[in-house]
Engineer: 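Here you go, one structure.
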Amino acid sequence: MALDKNFDASAAEPRIYDAWDAANAFAAGANARPGAPAFSVMIPPPNVTGALHMGHAFNNTLQDILVRWHRMRGHDTLWQPGTDHAGIATQMVVERELAKTNRRRTDMTRDEFTALVWEQKRRSRGNIKEQLKRLGASCDWSREAFTMSGAPGAPEGEEGNFHDAVIRAFVDLYDKGLIYRGKRLVNWDPHFETAISDLEVENIDRPGHMWHFKYPLAGGETYTYVERDEDGAVLFEEQRDYISIATTRPETMLGDGAVAVHPSDERYAPIVGKLCEIPVGPKEQRRLIPIITDPYPDPDFGSGAVKITGAHDFNDYGVATRNGIPLYVLMDTRGRMRADGLDYPEAAARAGRIARGEEDAPSDATEINLVPEEYRGLDRFEARARVVADITAEGLAVMVPATDPRLGAQAAAPAAPEEGGETRLDQLVPLVEEKTITQPFGDRSKVVIEPMLTDQWFVDAARIVGPAIDAVRQGEVRILPERDAKTYFHWLENIEPWCISRQLWWGHRVPVWYGLDLHSESFRDDEGDDALDEVELISLLTKDRLVHSGQRRQCAARFEGVIEGFRDDIAALPHPLNAARIVEVEDRAAAIHTFAASLAEYNVTQDAGRLVYPVWQDPDVLDTWFSSGLWPVGTLGWPEQTPELERYFPTSVLVTGFDIIFFWVARMMMMQYAMVGQRPFDTVYVHALVRDEKGRKMSKSLGNVIDPLSLCDEYGADAVRFTLASMAAMGRDLKLSKDRVAGYRNFGTKLWNAFRFAEMNGVGASGPARPTPRETANAWILGELGRIREEVDTALAEFRFNDAANGLYAFVWGRVCDWYVEVAKPLFASEDAAVVAETRETMAFVLDNCLILLHPFMPFITEELWGQQPRDGMLVHADWPDFGADLVDPAAEAEMGWVIDLIEQIRSVRGEMNVPAGLKVELVTTELDTDGRAAWERNAELIRRLARVERLTEAEAAPKGSVTIPVRGGSFALPLAEIIDVAAERARLDKTVGKLDKDLRGLTGRLGNDRFLASAPDDVIEETRALVAEKEAQRDRLRSAQERLAELG
RNA sequence: GGGCGGUUAGCUCAGCGGUAGAGCACUACGUUGACAUCGUAGGGGUCACUGGUUCGAUCCCAGUACCGCCCA
């Protein structure tokens, strides 16, 4: 049955994928030769609720190419799929669902909520998986992993042990002292009320304002403020009783701990060490803060003086910690000005004593709430507006003429001269600069991120980063392209503590339990009688005491694991408390309640056996990257020692986007070395971004997102894959246009029709033996095939996907379809059955190998064509060839080169001379060497057909009015006197001779240069000489043609 | 401000010491039995600029300009 004219991608793709699935074609180890090396790739896990975008399509296409290639080569191949639980993103999806029915997460228990998330996970995990299948991704789906599998509460079907890996890693690091709890500044998302990672923060430039305020010096002190130019000449000088501060965030002034200036800044030297007043809040409680020096302020930026709010800005935090400046938290978890704690006068008084050094700053930055009563409870942006208004009303804003250009669009136009000149000094306005401000936004919540001082868990990354750096430095792990290793080093060498806790419900819960700290003065057994009497009990029962007690903690994989630790911990307490039973409760409040009740009961019953010591688990969950950092070992079953771990770890290649090189790659490196002491992968291939055709980043807001699946609908998955591969030059962004995809869809059609042609000519499946043809064309194409196989393998081995794809394109279209199929036509028409048989055999071999070589790039259409003939197995498991340039037959190659050159020259002349396409012309030869004659003899039919030549005749000299065609070893002429356009032919010859002359001038000039002959390599000199001889011969023939043309007039 | 990259045909990009390449687009011609999602032919480039190294530079080095990206 004849093939259709086109490949029907939409119908064939699902059918073919199902067939692969049914045959378990992608199972780990499928098609592996005995004793074959392992090749394993871990998919970068997409978000479980995510959808496939162009970046995924690119990333997974490259992985699939590598995986299919290795599988066909008989390697023991595993492509491990799976998804990431994506804490904040997934929780958000579920919360959004709840919001539709006016419900909130906090309306239910944590377990109820996470059950809903699991449901959501089940519903949406299929999406991305099906989408990957549409692309043709040959993952071993039977091994699909999930970063939350096996977590408490996981439903049936989610019994994997990834949770064990995550918890094991935490406990290990904790036990080694590499994880600690501390208060540090973190990116805080006021919408989701959790810490988030730097990666989840987008810094976006927005039009904003910079306000300039006066901080009055304490006690009305004054100084001379002098501005000088570069030469030290005085530009401006005045007496001031204030220091001028510029800020984009006036609401944080309430928490200022100091004003900093650069140590070299002479303008402020007279007042360094003095105190100034924060110009906001009730007058009677204005706080005084010191003026300090620090390298951070840039003397040329703003006024050169920077207010320091250590608890709400990352730079200020650094200044504050360097200089011992107290930190005051101003906002609550929702980004509103705090309304808790001490009333303002008391808080301000304490802060004052701290600033004067009369009191130490509390270790807890939330203890003192410095928000004045009138701002308490306001949203931070509302508070900003109020602060600005209040300061301005009080006259403490820096004032400038209304025409000051810094005011931007708000600036008044300079008045015309007749109205009083350029400036109107009498009209002063507050200096509010209009300028672009880079602001941090939560990538999910889209709200402004607030740097916040909170208690979080941290990995002391600096202490585990060593092996990760050394491995790349010493070449144990290779990062490609090499330049990305620089980013990697830069990040790792300047690594910050890694905040791993998140205030979410969806995720791996921190495996730490807390108990009340009873080891304090008030809980002493006063009499030392080893028993609690009534007085002691009452002291314990005082709830206030319990509420303010500290806490003790223990870390273990499960609650049962911490019991021993807490027992040891309370062993020092008075009897019978020291023997209290350890029980688990929900949270601290429950613990206080339970403990108090237990004591009360003991007091009545004196039954020590009923005393309990309640402990509760940390409510926080771990950063999703903490779990995905364990992806390579975790998906292979670690911490269990599985056969897969043994077989496929360390993995072979990680293919990932450059944007997460440090977030993910670096973390996997650190964690794999920390946990199993081995590299996670041999090679990291870092690819760039897929942009739109204009080079813009694809984004929903720009509306330029190209959906890879609709592209697949339109052009077929193979075309999309081939496009991505052909554009995957290492380290370069790719600009995707539909035209390009259409072009590769056409390529598929071209291939398809080559098979149609073959089928029509009785070509079947290739046999087991490699053909050994006698015909020049057949011998030639085998050599070309051998070359391309080597080229593809070399390119893929070096991750040059584009070279492999483009090489195949050029071979299949430019060699096989353009030439081999054409030259095969006269061979198939031969009356010699042996020639026909040989050609069938060769074509079968060549086309089948085209399918094999193309399969990693275009799996569907190739599998479909493969299946058109009876085969032993599917193409996905066909053997990758190992022949190479050994297939090249130099004689055949030289002859085909000669034939192709002749045909192209004749066609070119015909085209330029406007010879009607259908007209068959005569060809005359005037001189031809033996090789030339032989080549003509063997290929006459072919040349006649492809060049539309009637017949060849010999002549002493080229006929008048003919066009000369020089070839290697001779010369042909096309007698076109009837139709020739003398002028056109003269122009053609002039042009060609001119070009030859120019080339020859360069080449002979080079050969005439002694230093060239002395310095250049021999082969280059030889090559140059040969080229000169060749070009001179051609030029001479064309010159005589010019002369003949001249005779013609 | 620091770091990294880019600048080659109308567009998108390869190449990278030894005669400037591809795909797409463009122009002309063409249904010759695989393919019009095609065929044949053609036009089109001081390889950003300025210096340097070299027998020789689009390629190496230095600087300049412009454009990106990352980090502050």
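Protein chains get the first letters and strands the later ones, always in sequence-line order, with residue 1 at the start of each.
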Engineer: With a 3.5 angstrom cut-off on both distances, give the Watson-Crick or G-U wobble partner of B:rC49, or none if there isn't one.
Structural biologist: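 Partner of B:rC49: B:rG63.
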Engineer: If you look at every heavy atom in A:V1028 and A:L1000, which pair is closest and at what distance?
Structural biologist: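 Closest pair (atom of A:V1028, atom of A:L1000, distance): O-CD2, 3.7 Å.
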Engineer: For A:V686 and A:G657, which heavy atoms make the closest approach, and how far apart are they?
Structural biologist: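 Smallest heavy-atom distance, with atoms named: CG1-C, 4.1 Å.
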Engineer: To the nearest angstrom, how far is A:D818 atom CG from B:rA41 atom C1'?
Structural biologist: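 Atom CG in A:D818 sits about 13 Å away from atom C1' in B:rA41.
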Engineer: For A:N315, report the nucleic acid contact type (base, sugar-phosphate, nothing); a contact means any heavy atom under 4.0 Å.
Structural biologist: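 A:N315: backbone/sugar contact only, no base atoms under 4.0 Å.
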Engineer: Between B:rU12 and B:rG6, how far is it from one C1' atom to the other, in whole Å?
Structural biologist: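 Their C1' atoms lie roughly 14 Å apart.
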Engineer: For A:L480, is there any backbone N or O sitting under 3.5 Å from a side-chain donor or acceptor partner on A:D484?
Structural biologist: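 Side chain of A:D484 to backbone of A:L480: no pair is present.
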Engineer: Check if the side chain of A:K5 and the base of B:rU37 share a donor-acceptor pair of N or O atoms closer than 3.5 Å.
Structural biologist: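 No pair found.
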Engineer: Without decimals, in angstroms, what is the distance between A:Y744 OH and B:rC24 C1'?
Structural biologist: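 Those two atoms, OH and C1', are 9 Å apart.
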Engineer: So which nucleotide does B:rU27 pair with, by the Watson-Crick or G-U wobble rule with both distances under 3.5 Å?
Structural biologist: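 Pairing partner, where one exists within any strand: B:rA41.
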Engineer: Do the numbers put A:R473 on top of the ring of A:F489, so that NZ or CZ is under 6.0 Å from the six-membered ring centre and no more than 45° off the axis?
Structural biologist: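 Yes; both conditions hold, so A:R473 lies above the ring face of A:F489.
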Engineer: Of the nucleotides B:rG33, B:rA41, B:rC55, which one has an atom closest to the side chain of A:A1016?
Structural biologist: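 Among B:rG33, B:rA41, B:rC55, the one nearest the side chain of A:A1016 is B:rC55.
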Engineer: Considering every strand and a 4.0 Å limit on heavy-atom distances, what is the contact class for A:R910: base, sugar-phosphate, or nothing?
Structural biologist: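 If one applies the 4.0 Å heavy-atom cut-off, A:R910 turns out to touch nothing in the nucleic acid.
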Engineer: In whole angstroms, how far is the C1' atom of B:rU19 from the CG atom of A:D1019?
Structural biologist: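 So the two atoms are 15 Å apart, to the nearest Å.
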Engineer: Under 4.0 Å, counting only non-hydrogen atoms across every strand here, what does A:S908 touch: a base, just sugar-phosphate, or nothing?
Structural biologist: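 Sugar-phosphate only.
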Engineer: Determine which nucleotide pairs with B:rC16, using a 3.5 Å limit on both distances of a Watson-Crick or G-U wobble pair.
Structural biologist: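 Because no pair has both required distances under 3.5 Å, B:rC16 counts as unpaired.
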Engineer: Return the value, rounded to whole Å, for the distance between atom CZ of A:R1011 and atom C1' of B:rU53.
Structural biologist: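 Checked: the CZ to C1' distance equals 12 Å.
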Engineer: On RNA chain B, nearest-nucleotide positions of A:N802 versus A:E822: which is more 5'?
Structural biologist: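 Nearer the 5' end of the strand: A:N802.
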Engineer: Counting only non-hydrogen atoms, which of residues 745-755 of chain A are less than 4.0 Å from RNA chain B?
Structural biologist: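 Within residues 745-755 of chain A, the residues near RNA chain B are A:R745, A:N746, A:T749, A:K750, A:N753, A:A754.
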Engineer: Looking at A:R1025 and A:E1022, is there a salt bridge between them, counting it only when a charged N and a carboxylate O are closer than 4.0 Å?
Structural biologist: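 Salt bridge present between A:E1022 and A:R1025.
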Engineer: So which atom in A:L974 and which in A:V909 form the shortest heavy-atom distance, rounded to 0.1 Å?
Structural biologist: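 Closest heavy-atom pair between A:L974 and A:V909: CD1-CG1, 3.8 Å.
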Engineer: Which label fits A:Y685 and A:F801: parallel for a plane angle under 30°, tilted from 30 to 60°, or perpendicular past 60°?
Structural biologist: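 Answer is perpendicular, since the angle exceeds 60°.
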Engineer: With both distances kept under 3.5 Å, what pairs with B:rG33, Watson-Crick or G-U wobble?
Structural biologist: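 None - no nucleotide pairs with B:rG33, as no candidate has both distances under 3.5 Å.
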Engineer: Rounded to whole angstrom, note down the P distance from B:rA48 over to B:rA34.
Structural biologist: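 45 Å, rounded to whole Å.
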Engineer: Taking a pair as Watson-Crick or G-U wobble with both distances under 3.5 Å, which nucleotide is matched to B:rA57?
Structural biologist: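 For B:rA57, the partner nucleotide comes out as none, under the 3.5 Å rule.
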Engineer: For atom P, what is the distance between B:rG15 and B:rG51, given to the nearest Å?
Structural biologist: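 Comparing P positions in B:rG15 and B:rG51 gives a spacing of 28 Å.
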Engineer: Calculate the interatomic distance between A:D484 atom CG and B:rC69 atom P; express it in whole Å.
Structural biologist: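 For the pair A:D484 CG and B:rC69 P, the rounded distance is 16 Å.
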Engineer: On RNA chain B, compare the nucleotides closest to A:V915 and A:D803; which residue's is nearer the 5' end?
Structural biologist: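 The residue closer to the strand's 5' end, by nearest nucleotide, is A:D803.
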Engineer: Within the 4.0 Å heavy-atom criterion, would you say A:Y809 contacts the bases, only the backbone, or no part of the nucleic acid?
Structural biologist: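 Answer is sugar-phosphate: A:Y809 comes under 4.0 Å of backbone atoms only.
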Engineer: How far does the P atom of B:rC59 sit from the matching atom of B:rG63, given to the nearest Å?
Structural biologist: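 Rounded to whole Å, the distance is 16 Å.
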Engineer: So A:Q905, base contact, sugar-phosphate only, or nothing? Heavy-atom distance under 4.0 Å.
Structural biologist: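 No contact at all - A:Q905 keeps every heavy atom at 4.0 Å or more from the nucleic acid.
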Engineer: Counting only N and O atoms by type, is there a donor-acceptor contact under 3.5 Å from the side chain of A:N761 to the main-chain atoms of A:F757?
Structural biologist: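 Here the side-chain-to-backbone pair exists.
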Engineer: Which nucleotide wins on minimum distance to the side chain of A:R1006, given the candidates B:rG18, B:rC35, B:rG39?
Structural biologist: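 My answer, after comparing the listed nucleotides, is B:rG18.
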Engineer: May I ask which nucleotide in the shown strands pairs with B:rA9, Watson-Crick or G-U wobble, both distances under 3.5 Å?
Structural biologist: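 Pairing partner, where one exists within any strand: none, as none qualifies.
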Engineer: Considering every strand and a 4.0 Å limit on heavy-atom distances, what is the contact class for A:P916: base, sugar-phosphate, or nothing?
Structural biologist: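 The residue A:P916 makes no contact with any strand.
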Engineer: For A:L919 and B:rC29, give me the distance from atom CG to atom C1', rounded to whole Å.
Structural biologist: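 Taking atom C1' of B:rC29 as the reference, CG of A:L919 is at 14 Å.
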Engineer: Measure from the side chain of A:V1020, starting at C-beta and using heavy atoms only, and say which of B:rC24, B:rU37, B:rG18 lies closest.
Structural biologist: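 Minimum distance to the A:V1020 side chain belongs to B:rG18.
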Engineer: Rounded to the Å, how far apart are A:M760 CE and B:rG33 P?
Structural biologist: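 That distance rounds to 11 Å.
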Engineer: Return the value, rounded to whole Å, for the distance between atom CG of A:L847 and atom C1' of B:rC35.
Structural biologist: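 After rounding, the reported distance stands at 14 Å.
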Engineer: Could you check whether A:N1009 gets within reach of a base, just the sugar-phosphate, or nothing at all, counting any heavy atom under 4.0 Å?
Structural biologist: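 It contacts sugar-phosphate atoms only.
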Engineer: Taking the basic N atoms (NZ, or NE/NH1/NH2) and the acidic carboxylate oxygens, is any pair closer than 4.0 Å for A:E714 and A:R745?
Structural biologist: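 Salt bridge: no.
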Engineer: Give the minimum heavy-atom separation between A:P451 and A:D313, together with the two atoms involved.
Structural biologist: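 Answer, listing the atom of A:P451 first, then A:D313: CB-N, 4.0 Å.
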Engineer: Report yes if a side-chain nitrogen or oxygen of A:K825 is closer than 4.0 Å to either non-bridging phosphate oxygen (OP1 or OP2) of B:rG33; otherwise report no.
Structural biologist: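 For B:rG33, neither OP1 nor OP2 has a side-chain N or O of A:K825 closer than 4.0 Å.
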Engineer: What interatomic distance, in whole Å, is found between C1' of B:rG33 and the corresponding atom of B:rC24?
Structural biologist: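 Here B:rC24 and B:rG33 have their C1' atoms 29 Å from each other.
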Engineer: May I ask you to verify if any side-chain N or O of A:W491 is less than 4.0 angstrom from the OP1 or OP2 atom of B:rC4?
Structural biologist: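 Answer is no, no contact under 4.0 Å.
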Engineer: On a whole-Å scale, what distance lies between the P atoms belonging to B:rC47 and B:rA9?
Structural biologist: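 Those two atoms are separated by 10 Å.
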Engineer: Say you pick atom P in B:rC66 and the same atom in B:rC49; how far apart are they, in whole Å?
Structural biologist: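 Straight-line distance between the two P atoms is 16 Å.
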Engineer: Any idea how A:F747 and A:W813 line up, ring-wise: parallel (<30°), tilted (30 to 60°), or perpendicular (>60°)?
Structural biologist: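 Aromatic pair A:F747/A:W813 classed parallel.
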Engineer: Which nucleotide sits closest to the side chain of A:A917: B:rG33, B:rG30, B:rC24?
Structural biologist: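 For the A:A917 side chain, the nearest candidate turns out to be B:rG30.
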Engineer: Taking B:rC13 as the reference, what is the distance to B:rG45 when you measure between their C1' atoms (whole Å, please)?
Structural biologist: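 To the nearest whole Å, 14 Å.
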Engineer: Using purine N1 to pyrimidine N3 plus N6-O4 or O6-N4 for Watson-Crick, or N1-O2 and O6-N3 for G-U wobble, both under 3.5 Å, which nucleotide pairs with B:rG1?
Structural biologist: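 B:rC71 is the nucleotide pairing with B:rG1.
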